Amino acid sequence: MGHTATAEAGSGGLTATEHRLANGLRVVLSEDHLTPVAAVCLWYDVGSRHEVEGRTGLAHLFEHLMFQGSKQVHGNGHFELVQGAGGSLNGTTSFERTNYFETMPTHQLELALWLEADRMGSLLAALDDESMENQRDVVKNERRQRYDNVPYGTAFERLTALAYPEGHPYHHTPIGSMADLDAATLEDARSFFRTYYAPNNAVLSVVGDIDPRQTLAWIEKYFGSIPSHDGKLPPRDGALPEIIGDQLREVVEEEVPARALMAAYRLPHDGTRECDAADIALTVLGGGESSRLHNRLVRRDRTAVAAGFGLLRLAGAPSLGWLDVKTSGGVEVPEIEAAVDEELARFAAEGPTPEEMERAQAQLEREWLDRLGTVAGRADELCRYAVLFGDPQLALTAVNRVLDVTAEEVQAVAKARLRPDNRAVLVYEPVTTEQSDSDEEEGADQ
């Protein structure tokens with residue numbers, strides 16, 4: 001089954017067609033003959049929010065296992081075949097989804113579709129103790145390199161744990177804990193695959209220099225015989241009060257280059273007009289070198305070397321406004337924090353100027369155009385809106401909703417949400433190597 005969408009106003013002339021196979025796989029196709037390439041993107045509706053206590057990190061671990069071989073493609077064959085054909089590929093895991101994607105020369109599109117179907121339909125045939133141990137070690141090393149052994153590396157994990165209470169599905173990040181990664185068994189992985197890696201839990205988008213009829217025929221040929229699976233439970237409820245109600249705080253003493261103030265503010269869910277208004281507010285306040293916080297802290301006061309404010313959009317839980325300020329010289333964090341609060345209070349009282357609104361909306365529009373301007377970016381956005389909001393067509397007109405937001409709405413969300421009793425705060429205080437060694441020795445003696 002399928003239908004063709006006509007180009008909507010504000011879509012830049014882009015169109016997408018939607019189809020659904022008998023086994024439940026949703027398919028979205030979008031033609032673009034500008035360059036002879038095609039992007040394949042497959043989103044599975046599974047992320048860290050679907051995990052249970054004691055088994056965190058399974059979604060991310062499985063992202064790696066999907067590149068470890070399947071029934072007809074052994075070992076590292078997926079990478080070798082795609083790259084040998086002149087393509088590129090990868091996969092990522094988030095709170096709310098796991099995705100896999102390839103960009104191929106047009107004449108190699110069928111290969112990419114066959115590879116994705118082969119591992120969706122037959123990965124269990126190749127999943128054994130050896131591949132499990134291999135990828136478990138890879139993920140643990142990734143955790144060390146990206147989180148545990150780099151300056152400020154655990155900030156995201158720490159702030160997430162503060163912002164979402166114990167037991168909340170977003171309390172832990174997709175990387176998982178070392179203990180849980182060690183505890184995961186082969187049967188855990190097999191059960192996870194059977195539950196979530198089914199065609200009726202996925203959206204496949206193909207964008208680029210394609211023949212839609214031929215592409216759909218290939219998809220039916222390779223994916224159509226994969227059975228659906230109905231054992232998936234819905235994710236746990238991620239709803240929370242709009243305001244945290246207190247200022248949660250943690251001080252971290254580590255070997256870092258400079259003091260830092262980081263904070264996460266609880267903001268509206270993605271897909272709402274209020275979330276778009278919050279995006280504009282954070283762009284005015286901390287989106288680049290023309291922002292208020294950069295002008296105040298970096299240029300005027302010279303108390304910081306970097307100051308940014310961005311939005312982590314989430315559909316199944318409150319989004320997070322992410323503040324990150326690195327101090328300069330011997331500046332203390334309380335001085336930075338007072339200046340930040342002063343700027344936020346002024347913004348809540350006065351709202352954005354017309355010039356700031358125009359600049360922020362233009363910046364967000366450019367980012368939207370950048371994403372949809374590449375076949376890979378558009379394929380990803382089509383999957384995102386299909387999985388999280390049920391309608392891939394929303395991806396083509398998302399910027400209209402941002403441009404439609406008023407200055408009054410931006411001011412209102414800032415006044416309601418960007419306040420001290422609605423944030424989790426992380427303060428980094430540098431220590432020297434000698435201090436760290438001394439602390440460890442003292443701890444060992446106790």
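Just so it is clear, the structure is predicted and the values come from calculations on it, not from any experiment.
- Side chain of Trp322 to main chain of Met262: no donor-acceptor pair is present (N/O by atom type, distance under 3.5 Å, no hydrogens or angles).
- Between the side chains of Glu116 and Tyr222, no donor-acceptor pair of N or O atoms lies under 3.5 Å.
- Here Asp118 pairs with Ser70, Gln72, Ser122 under the side-chain hydrogen bond (donor to acceptor under 3.5 Å, both in side chains) rule; sequence neighbours left out.
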Scan the side chains in residues 76-85 for donor-acceptor partners under 3.5 Å anywhere in the protein, sequence neighbours excluded, and list what turns up.
unit_1: His78; atom_1: NE2; unit_2: Glu102; atom_2: OE2; d: 3.1

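- The two residues Pro199 and Pro227 have their closest heavy-atom pair at CD-O, 3.3 Å.
- Shown here is Glu130, whose CD atom has no more than 12 heavy atoms of other residues, nucleotides or ligands within 6.0 Å.
- Smallest separation of non-hydrogen atoms from Ala155 and Leu426: CA-CD2, 3.6 Å.
- At distances below 3.5 Å, at least one donor-acceptor pair connects side-chain atoms of Gln363 with backbone N or O atoms of Gly287.
- Side-chain contact, Thr185 with Arg190: no donor N or O sits under 3.5 Å from an acceptor N or O.
- Taking 4.0 Å as the cut-off between side-chain N and carboxylate O, Asp148 and Lys140 do not count as a salt-bridged pair.
- Taking a cutoff of 4.0 Å between a charged side-chain nitrogen and a carboxylate oxygen, Arg249 and Glu337 qualify as a salt bridge.
- What you find for Arg236 and Pro169 is that their closest heavy atoms are NH2-CA, 3.4 Å.
- Donor-acceptor pairing under 3.5 Å is recorded for the side chains of Asp209 and Thr106.
- Remark: aromatic rings of Tyr44 and Tyr196 are distant, center separation not under 6.0 Å.
- When all heavy atoms of Val298 and Ala307 are compared, the pair lying nearest together is CG2-N, 4.2 Å.
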Show your reasoning for whether side-chain contact (heavy atoms from CB on, under 4.5 Å) applies to Glu335 and Thr327.
CA-CA 10 Å; Glu335 182 180 351; Thr327 68; over 6 Å; no

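- A side-chain donor-acceptor contact under 3.5 Å links Asn422 to the backbone of Ile244.
- A donor-acceptor pair is defined here as one N or O able to donate and one able to accept, closer than 3.5 Å; such a pair exists between the side chain of Arg136 and the backbone of Leu181.
- Note: Met120 CE to Leu25 CG = 5.5 Å, rounded to the nearest 0.5 Å.
- No donor-acceptor pair under 3.5 Å is formed between the side chain of Arg359 and the backbone N or O of Val284.
- For the pair Glu142 and Arg146, the salt-bridge criterion is met [side-chain N within less than 4.0 Å of a carboxylate O].
- The backbone N or O of Val387 sits nowhere less than 3.5 Å from a side-chain atom of Arg97 that would complete a donor-acceptor pair.
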Start with the C-alpha distance between Val206 and Ile219, add both sets of side-chain angles, then the distance that settles side-chain contact (heavy atoms from CB on, under 4.5 Å), and finish with yes or no.
CA-CA 10 Å; Val206 185; Ile219 292 171; 4.2 Å; yes

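- Atom CD of Glu157 sits about 11.5 Å away from atom CG of Leu162, to the nearest 0.5 Å.
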Assess whether salt bridge (charged side-chain N to carboxylate O under 4.0 Å, His left out) is satisfied between Asp279 and Arg313, documenting all intermediate values.
CA-CA 9 Å; Asp279 205 354; Arg313 286 178 175 264; 3.0 Å; yes

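- Contact of the Pro151 side chain with the Glu255 side chain is not registered, since no non-hydrogen atoms from C-beta on lie closer than 4.5 Å.
- The main-chain N or O of Gly87 is never found under 3.5 Å from a side-chain atom of Thr103 such that the two would form a donor-acceptor pair.
- Residues Met132 and Leu65 meet the side-chain proximity criterion, which asks for heavy atoms closer than 4.5 Å.
- Between Glu63 and Tyr100, some side-chain heavy-atom pair lies under the 4.5 Å cut-off.
- Under the side-chain hydrogen bond (donor to acceptor under 3.5 Å, both in side chains) criterion, Ser131 pairs with Asp128, not counting sequence neighbours.
- Note that CG of Asn99 and CG of Asn90 are 8.5 Å apart. Values are rounded to the nearest 0.5 Å.
- For an aromatic pair to be called close, the ring centres must be under 6.0 Å apart, and Tyr197 with Phe62 satisfies this.
- Residue-environment remark: CD (Glu358) stays at or below the threshold of 12 foreign heavy atoms within 6.0 Å.
- Crowding of Arg302 atom CZ: a count of heavy atoms from other residues, nucleotides or ligands under 6.0 Å not exceeding 12.
- Using a 4.5 Å heavy-atom threshold, the side chains of Tyr385 and Val28 count as separate.
- A donor and an acceptor atom, one from each side chain of Arg292 and Asn295, are nowhere located under 3.5 Å apart.
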List the steps and the verdict of side-chain contact (heavy atoms from CB on, under 4.5 Å) for Val340 and Leu297.
CA-CA 8 Å; Val340 168; Leu297 299 172; 4.0 Å; yes

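- Using a 4.5 Å heavy-atom threshold, the side chains of Asp276 and Leu364 count as separate.
- When atom types are taken as modelled, the side chain of Ser291 and the backbone of Gly288 share a donor-acceptor pair closer than 3.5 angstrom.
- Pairing each heavy atom of Phe95 with each of Thr173, the nearest pair is CE2-CA, 4.1 Å.
- A 4.5 Å side-chain heavy-atom check between Glu51 and Asp180 finds every atom pair outside the cut-off.
- A 4.5 Å side-chain heavy-atom check between Leu403 and Trp368 finds every atom pair outside the cut-off.
- For the atom pair CG of Leu89 and CZ of Phe67, the computed distance is 5.0 Å after rounding to the nearest 0.5 Å.
- Take Ala38 and apply the side-chain contact (heavy atoms from CB on, under 4.5 Å) test, not counting sequence neighbours, and it matches Leu109, Ile210.
- Between the side chain of Glu409 and the backbone N or O of Ala277 there is no donor-acceptor pair closer than 3.5 Å.
- A salt bridge links Arg296 with Glu342; the closest basic N to acidic carboxylate O contact falls under 4.0 Å.
- Not counting sequence neighbours, Asp129 has no partner by the side-chain hydrogen bond (donor to acceptor under 3.5 Å, both in side chains) test.
- Counting only heavy atoms from C-beta outward, the side chains of Lys232 and Asn200 never approach each other to under 4.5 Å.
- Atom CG of residue Asp324 and atom CG of residue Leu159 lie 9.5 Å apart, to the nearest 0.5 angstrom.
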Go through Phe156 and Ile175 one step at a time and tell me if the side-chain contact (heavy atoms from CB on, under 4.5 Å) criterion holds.
CA-CA 11 Å; Phe156 181 63; Ile175 193 68; over 6 Å; no

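- Separation of atoms OH (Tyr170) and CG (Leu320) is listed at 10.5 Å; rounding is to 0.5 Å.
- Comment: Glu343 engages Arg346 in a salt bridge, judged by a side-chain N to carboxylate O separation of less than 4.0 angstrom.
- Within the 3.5 Å criterion, the main-chain N or O of Glu367 finds no donor-acceptor partner in the side chain of Asp370.
- A salt bridge is absent between Glu96 and Arg384; no separation between the charged side-chain nitrogens and carboxylate oxygens falls under 4.0 Å.
- With sequence neighbours excluded, the residues forming a side-chain hydrogen bond (donor to acceptor under 3.5 Å, both in side chains) with Asp341 are Arg423, listed by chain and number.
- Cation-pi check for Arg119 over Phe193 is not met; the charged atom does not lie both under 6.0 angstrom from the ring centroid and within 45 degrees of its normal.
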